[in-house]
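Here's a structure for you.
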2 protein chains.
Amino acid sequence: MSMMTPDLAKQNCADCPIRHRAVCARCEPSELKLLEDIKYYRTYEPGQTVAWAGDKMDFVASVVSGAATLTQTMEDGRRQMVGLLLPSDFVGRPGRSSISYDVVAVSKLVMCCFRKPPFEQLIQTTPHIAERLLEMTLDELDAAREWMLVLGRKTAREKIASLLSIIARRDVPSAADGSRSLTFDLPLTREAMADYLGLTLETVSRQVSALKRDGVVVLEGKRRVHVPDLDLLMEEAGDDSDGGTLI
Amino acid sequence: MSMMTPDLAKQNCADCPIRHRAVCARCEPSELKLLEDIKYYRTYEPGQTVAWAGDKMDFVASVVSGAATLTQTMEDGRRQMVGLLLPSDFVGRPGRSSISYDVVAVSKLVMCCFRKPPFEQLIQTTPHIAERLLEMTLDELDAAREWMLVLGRKTAREKIASLLSIIARRDVPSAADGSRSLTFDLPLTREAMADYLGLTLETVSRQVSALKRDGVVVLEGKRRVHVPDLDLLMEEAGDDSDGGTLI
DNA sequence: AGTGCGCTTTGACGCAGATCAACTTTTGAG
DNA sequence: CTCAAAAGTTGATCTGCGTCAAAGCGCACT
């Protein structure tokens, strides 16, 4: 509550990406109104922790802007990122009180939150929302399983290309025209990329350099990435997807 | 339909594990009746394919007995298992017509099936089932993410121990008493284990031998595994879970 | 401008696990 | 029981990535 940003709290769902892509995608106006009534906003600075594994999380939320990561840690410090939350992604689960992963903002993060009790009540009375939630969870499951293939069977170079390709695909607006090239900002440090890919940061750095040397990507500074040919990138990623359209 | 086994088709939910652990867990008798009315059984032999990736799947199902795997394949033949279906696990997703993975029986498999159209109708009219489905999907998502840690950060030896520990934990009945030892049948070949763990079958074989040599497991034949001390196995797996209870 | 700190790059070297290959054990069909 | 195919074991060698170490940025401080 103390983190609520006044100007954002005044926005309504019409200004909020989740209206289109997340929980309320298929809702009636009257149902939207119910969501409106219980939502509020939170903002986090880069590096700030939203929740530690095992913490009670008394809200569910959609990412409005920025990025956050879900990470698991072993006692000896080995870490594995298990989710990357980009705008329109959903965190938190109805029916479970605590979260199993560390949730950390990796860039300036704005989330649209719903406190658990009224949200869970809403689920029970609004089948559209429950349905949409199931659909989103199934999508996440697909993403997790695709990532299992990356972690288990791909080479370091393919892993990097896969990650870039996933982030690029999420960045649709700038490539909505048929063009096969695009530019985007990498929201992750080399270390975070390594945690996502099951590599060390040195290997990540080396392979990014290799992709740059081979013309697959062009770096403008450390974080801004230009992809001259998306098909080439996806080929490097070993994706069997045709990639015909970005959607 | 042609695969339906007559004697099984006559069973009712009272004989069927899914009554207790899968879709109908929290249902009223009247709701159970609705599931009864649309369910039927299928059986598969070891090695038989239930569905290829991309196939239409016109039913959802719960595993009654046996085991099946979900596998992804790259064009060059690299394979990654993304799910292991044991009794009470659920396959198929409402709202999506085709499946994204190969589904293959790895031992004699019996599934309790529900055709899509009536099942989807049931979801819309029976909130208990929709809720339960969301909960199961969230559990699967947790399992997938736990597996990401295994694939991304664990050593070959830890991977093997993790897999054995997961299978052992599913085999609760024989360890329901407080005992910390148990024996179970491995439903997977070395190759299937390798596909699950992101290893080669040679490495799997070597590490299983190593665990045997070190007394972590005792093999009775190739497939029957005795774990003298479950705590030791879980320590080998690098699991931070206390393991206090098996449930 | 200078200084310190976090992030990134690059190099040298070692090792866990892949690869290639030979062999043994189990399974199951006839 | 017999024999062939499938599954599993074990060894020798190779290699991709991890590990350790040392510099090179870029940026926020004063």
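Labels below follow one simple rule: chain letters A, B, ... track the order of the sequence lines, proteins then strands, and each chain is numbered from 1. In this text the structure is predicted, and so the values were computed from the model without any measurement. Heavy atoms only: backbone and side chains are in, while hydrogens, waters and symmetry mates are out.
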Whole-Å gap separating P (dC17(D)) and CD (E158(A))
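Distance, rounded to whole Å: 9 Å.
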
Using a heavy-atom cut-off of under 4.0 Å over every strand shown, decide if G198(A) touches base, sugar-phosphate, or nothing.
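Result for G198(A) = sugar-phosphate.
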
Considering residues, nucleotides and ligands other than E202(A), do more than 12 of their heavy atoms fall under 6.0 Å from its CD?
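Above 12, so yes.
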
Expressed as a whole number of angstroms, how long is the span from L199(B):CG to dG16(D):P?
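That distance rounds to 18 Å.
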
Proximal nucleotide (of dT9(C), dT26(C), dC20(C)) relative to the K222(A) side chain
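Comparing dT9(C), dT26(C), dC20(C) against the side chain of K222(A), the answer is dT9(C).
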
Kindly say whether V204(A) contributes a backbone atom to a donor-acceptor pair with the side chain of Q207(A) at under 3.5 angstrom?
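Judged by distance alone, no pair lies under 3.5 Å.
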
Could you tell me how far apart R223(B) (CZ) and dA7(D) (P) are, to the nearest whole angstrom?
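Between P of dA7(D) and CZ of R223(B): 9 Å.
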
Quick one, Y101(B) and R145(A) - any side-chain contact, counting heavy atoms below 4.5 Å?
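Counting from C-beta outward, Y101(B) and R145(A) do come under 4.5 Å.
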
Selection: residues 207-220 of chain A, any non-hydrogen atom under 4.0 Å of DNA chain C:
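Listed by number, they are S209(A).
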
If we fit an axis to the first five pairs and another to the last five of the helix from dA1(C)-dT30(D) to dG30(C)-dC1(D), what angle do they make, to the nearest 10°?
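It works out to 50° between the end axes.
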
Aromatic ring centroids of W147(B) and Y196(B) under 6.0 Å?
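That pair passes the under 6.0 Å test.
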
Could you state the atom-to-atom distance from CG of L201(A) to P of dG11(C) in whole Å?
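Distance check: L201(A) CG to dG11(C) P gives 16 Å.
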
Donor-acceptor pair under 3.5 Å: do we get one between R206(B)'s side chain and the base of dG11(D)?
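A donor-acceptor contact between them is present.
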
Give a yes or no on whether a donor-acceptor pair under 3.5 Å exists between the nucleobase atoms of dC20(D), that is its base, and the side chain of E202(A).
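Result: at least one qualifying N/O pair found.
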
Nucleotide of dT19(D), dT8(C), dG8(D) approaching R190(B) most closely (side-chain heavy atoms)
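The closest nucleotide is dG8(D).
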
T203(B) side chain, from C-beta outward: closest of dT8(C), dA18(C), dG18(D):
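In terms of side-chain proximity for T203(B), the closest of dT8(C), dA18(C), dG18(D) is dA18(C).
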
Locate the shortest heavy-atom distance separating I167(A) from P187(A); write the atom from each residue and the value.
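Shortest heavy-atom contact: CD1-CD, 4.1 Å.
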
Could you tell me the separation between the CZ atom of R153(B) and the P atom of dG17(C), rounded to a whole number of Å?
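Taking CZ of R153(B) and P of dG17(C), I get 14 Å after rounding.
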
Would you say the side chain of V208(A) lies within less than 4.5 Å of the side chain of I160(A), judging by non-hydrogen atoms?
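I160(A) reaches V208(A) side chain to side chain.
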
From dT9(C), dG18(D), dG17(C), nucleotide with atom closest to S205(A) side chain:
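Ranking dT9(C), dG18(D), dG17(C) by closest atom to the S205(A) side chain puts dT9(C) first.
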
Whole angstroms only, please: what is the CE-P distance between M193(A) and dT9(C)?
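Taking CE of M193(A) and P of dT9(C), I get 9 Å after rounding.
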
If every non-hydrogen atom of K222(B) is compared with every non-hydrogen atom of R190(B), which pair is closest and at what distance?
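Closest approach of K222(B) to R190(B), heavy atoms only: O-NH2, 3.5 Å.
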
What's the verdict on side chain to side chain donor-acceptor pair (under 3.5 Å) for K154(B) and S162(B), showing C-alpha distance, side-chain angles and the deciding distance?
CA-CA 9 Å; K154(B) 292 194 179 180; S162(B) 297; 3.1 Å; yes

In whole angstroms, how far is the C1' atom of dG18(D) from the CG atom of D195(A)?
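Those two atoms, CG and C1', are 15 Å apart.
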
Indicate whether the side chain of S165(B) and that of R169(B) have a donor and an acceptor atom separated by less than 3.5 Å.
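Yes, because at least one side-chain N or O of S165(B) sits under 3.5 Å from a partner of the opposite role on R169(B).
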
Look at the side-chain N and O atoms of T200(B) and state whether any lies under 4.0 Å from the OP1 or OP2 oxygen of dA18(C).
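For T200(B), the contact criterion (side-chain N or O under 4.0 Å from OP1 or OP2 of dA18(C)) is met.
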
Ring of F184(A), cation from R224(A) - is the NZ or CZ under 6.0 Å from the centre and inside 45° of the axis?
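No.
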
How long is the line joining CD of E191(A) and C1' of dG18(D), in whole Å?
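It works out to 15 Å between those atoms.
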
